[in-house]
Amino acid sequence: MLSRPAAGAYQVLLVIVLTLVAFGILVAAGVPDRPWVWSIALLVAAGVNWHVGTRANRKKLAAIKPSSVRDRLLYRARHKFMSLPMETFSIVIALGSVVVLLF
């Protein structure tokens, strides 16, 4: 039997898409369409995703009481995206913003 995906997967995608749509509306309203604008959009998405992910996984995180950065970033969270806790995936989104800015 197939298991249902966690709500985290939908929330991460929703945060990314809604942030990009909001910045797309700003570009349509007259903000210059430059790579740095989309880089900022992804940084905002990373920040929002970190906040949402931390709130969604707070009970599990409080139960394990992380003692190191590794324990804080990699733990068995209830809400995950691509096998990473939601808030940890924000690092991947932030790296994506650097890639957009450089290329």
Side-chain angles (χ1 to χ4, degrees):
M1 182 162 109
L2 296 174
S3 63
R4 286 185 18 209
Y10 301 116
Q11 292 172 352
V12 171
L13 292 175
L14 190 64
V15 164
I16 294 170
V17 168
L18 288 179
T19 305
L20 291 177
V21 166
F23 273 77
I25 291 170
L26 288 175
V27 166
V31 174
D33 189 10
R34 303 277 187 246
W36 61 266
V37 173
W38 299 107
S39 181
I40 291 172
L42 287 173
L43 282 176
V44 168
V48 170
N49 188 60
W50 184 275
H51 177 72
V52 171
T54 301
R55 290 192 51 116
N57 289 324
R58 69 179 166 222
K59 287 182 184 176
K60 182 69 172 184
L61 193 56
I64 63 169
K65 295 183 176 52
S67 59
S68 69
V69 174
R70 184 178 191 282
D71 291 341
R72 171 64 180 92
L73 296 178
L74 303 172
Y75 63 97
R76 296 180 62 86
R78 174 166 162 73
H79 300 284
K80 295 188 250 182
F81 184 69
M82 295 179 66
S83 299
L84 292 172
M86 276 182 68
E87 61 271 22
T88 304
F89 194 77
S90 297
I91 297 169
V92 176
I93 299 170
L95 290 174
S97 76
V98 172
V99 169
V100 167
L101 187 61
L102 294 178
F103 298 104

- Does Val52 share a hydrophobic cluster with Leu61, counting links as ILVMFWY side-chain heavy atoms below 4.5 Å and allowing steps through other members? no
- When rounded to the nearest 0.5 angstrom, what distance separates CG in Leu73 from CD1 in Ile91? 4.5 Å
- Taking side-chain contact (heavy atoms from CB on, under 4.5 Å) as the test, write out the residues that go with Arg76, two or more places apart. Lys60
- Task: Answer with yes or no whether the hydrophobic clustering places Val12 together with Val92; edges join I, L, V, M, F, W, Y residues whose side-chain heavy atoms lie under 4.5 Å apart.
- Result: yes
- Query: Taking the side chain as C-beta and beyond, is there a heavy-atom pair between Asn49 and Phe81 under 4.5 Å?
  - Reply: no
- Task: Using the rule that two of Ile, Leu, Val, Met, Phe, Trp, Tyr join whenever any of their side-chain heavy atoms come within less than 4.5 Å, decide whether Leu13 and Met82 are in one cluster.
- Result: yes
Check: residues 21-44 side-chain donor-acceptor pairs under 3.5 Å, at least two apart:
from, atom 1, to, atom 2, distance (Å)
Asp33, OD1, Trp38, NE1, 2.7
Ser39, OG, Ser97, O, 2.9

- Minimum heavy-atom distance Ala94-Ala46, with the two atoms named: N-CB, 4.0 Å
- Query: Going from NE2 on His51 to CE on Met86, what distance comes out if it is rounded to the nearest 0.5 angstrom?
  - Reply: 10.5 Å
- Any pair with a residue in residues 85-97 that passes salt bridge (charged side-chain N to carboxylate O under 4.0 Å, His left out), sequence neighbours left out, goes on the list, sorted by first then second residue, please. Arg72-Glu87
- Task: Look up atom OH in Tyr10 and atom NE2 in His79, then write down how far apart they are to the nearest 0.5 Å.
- Result: 13.0 Å
- Query: Is there a side-chain contact between Ile93 and Val15 (heavy atoms, below 4.5 Å)?
  - Reply: no
- Message: Quick test of your reading: applying salt bridge (charged side-chain N to carboxylate O under 4.0 Å, His left out), list the pairs with at least one residue in residues 89-101, sequence neighbours left out, ordered by first then second residue.
- Response: none
- Task: Hey, could you give me each pair passing salt bridge (charged side-chain N to carboxylate O under 4.0 Å, His left out) that has a residue in residues 46-55? Not counting sequence neighbours.
- Result: none
- Message: Tell me every residue that passes side-chain contact (heavy atoms from CB on, under 4.5 Å) with Ser67, counting only those two or more places apart in sequence or in another chain.
- Response: Asp71
